Peer 1: 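Below are the structure tokens for one structure; questions will follow.
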Amino acid sequence: MVQLVHDPAAFRDACDRLRAQGERVGLVPTMGALHEGHLALVDEAKAKGATAVVVTIFVNPKQFDRDDDLRRYPRTLDSDLEACEARGVSLVFAPEADAMYPEGFQTHVQVGALAEELEGTYRPGHFLGVTTIVAKLFILTGACVAVFGRKDYQQWRIIDRMTRDLGLPVTVVGHPIVREEDGLALSSRNQLLEDADRPRALAIARGLKAASAAWDAGERSAEALTALARAPIEADFDRIDYVRVIDPVTLEGLDGAVERALLVVAAHLGPVRLIDNLELGVDPPPTPG
Ligand code: PAF
């Protein structure tokens, strides 16, 4: 069975030992409820030269802006361990909350402008929780290549910025979105969708596909691309937080004609909030199904 550690000091020692044995460590931080999207990150770590991949599984309370969301978040440690074993993961770190945030904890890592818009606006405190836990995981792991999914595109950019700003010995890699055949972006939150809502969730993929097709046909107007993506989502979702065209590097909103862009979406179906995005004019642009 894959090695499982719960204690942060034991995890740090295990990572140090791997490096001492000549392994190149790959890190895949997760909140568990692993799906093929996470396992693709394990493969990507290996493709980027990691010879020993460690997966962390921690439902980080500090990054949830709603208690009900934290309570409902799926927890499936046994099947996660089996999936890690089957994918050739060397080590899993699954700490308890009080091991990561012992009594008296009061230090946070905050990234600036990149964390303010989009998810930063709609989920206050979310990124402060993400960057704090990821900084802790990076420090415990030590030198490594760390892989994140670009479904959480803003998160990936923020973590990359934080890593460079703090000079951490980590190479941050962003892996393209992994989708179901019908286009739904893989997410642990998909498990929370009611059966009747699953087909409605595809409205996001339909919207992104329409924008992608228009882009391929030469459409470059940020407003037109936004409108194409928004229409099906507006029809099928209960509430939209944003559908926006932004700069893929600075994450600032774009108007008028765009040369390259990221189309970002966040919307609600009942109690489930889904996010997705489409890279336009970025080589190679991932296309929704
Ligand atoms: O993307 C996630 O699953 C989480 O935000 C992360 C990066 C594991 C931090 O808790």
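Counting starts at 1 for both ligands and their atoms, following the listed order. Scope of the values below: all heavy atoms of this structure, side chains included, with no hydrogens, waters or symmetry mates. Since we're looking at a predicted model, the values are computed, not measured.
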Peer 1: Charged N to carboxylate O under 4.0 angstrom, E44 versus K48?
Peer 2: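 A salt bridge is present here (some side-chain N lies under 4.0 Å from a carboxylate O).
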Peer 1: Below 4.0 angstrom from a heavy atom of I133, which ligand 1 atoms are there? Numbered from 1 as shown, please.
Peer 2: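 So the atoms of ligand 1 that pass are 9 (C), 10 (O).
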Peer 1: Which residue and non-hydrogen atom of the protein lie closest to atom 9 (C) of ligand 1, and at what distance in Å?
Peer 2: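 Atom 9 (C) of ligand 1 sits closest to the protein heavy atom Q63 OE1, 3.3 Å.
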Peer 1: Does ligand 1 come near enough to Q155 that some N or O of the ligand is less than 3.5 Å from an N or O of the residue?
Peer 2: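 By distance alone, the answer is yes.
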Peer 1: Between T56 and ligand 1, which part of the residue brings a heavy atom under 4.0 Å of the ligand: side chain, backbone, both or neither?
Peer 2: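 T56 to ligand 1: no contact under 4.0 Å from either part.
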Peer 1: Are E36 and R87 ion-paired here, with the side-chain N under 4.0 Å from a carboxylate O?
Peer 2: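 A salt bridge links E36 with R87.
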Peer 1: Would R189 and D69 pass as an ion pair if we require N to O under 4.0 Å?
Peer 2: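 Salt bridge: yes.
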Peer 1: Pull out every atom of ligand 1 sitting under 4.0 Å from any heavy atom of T30, numbered as shown with elements.
Peer 2: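 Answer for ligand 1: 8 (C).
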Peer 1: Could an N or O of ligand 1 be found under 3.5 Å from any N or O of N60, whether backbone or side chain?
Peer 2: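 Looking only at distances, the answer is no, because the N/O contact criterion of under 3.5 Å is not met.
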Peer 1: Does a side-chain N-to-carboxylate-O contact under 4.0 Å join D80 and R75?
Peer 2: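 No salt bridge links D80 with R75.
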Peer 1: Over 60° means perpendicular and under 30° means parallel, so tell me whether Y101 and F58 are parallel, tilted or perpendicular.
Peer 2: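 Tilted, since the angle between the ring planes falls between 30° and 60°.
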Peer 1: For ligand 1, which atoms have a heavy atom of M31 less than 4.0 angstrom away?
Peer 2: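 In order of numbering, the contacting atoms are 3 (O), 4 (C), 10 (O).
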Peer 1: Salt-bridged, R164 to D160, with N to O below 4.0 Å?
Peer 2: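 Counted as a salt bridge, because a side-chain N and a carboxylate O are separated by less than 4.0 Å.
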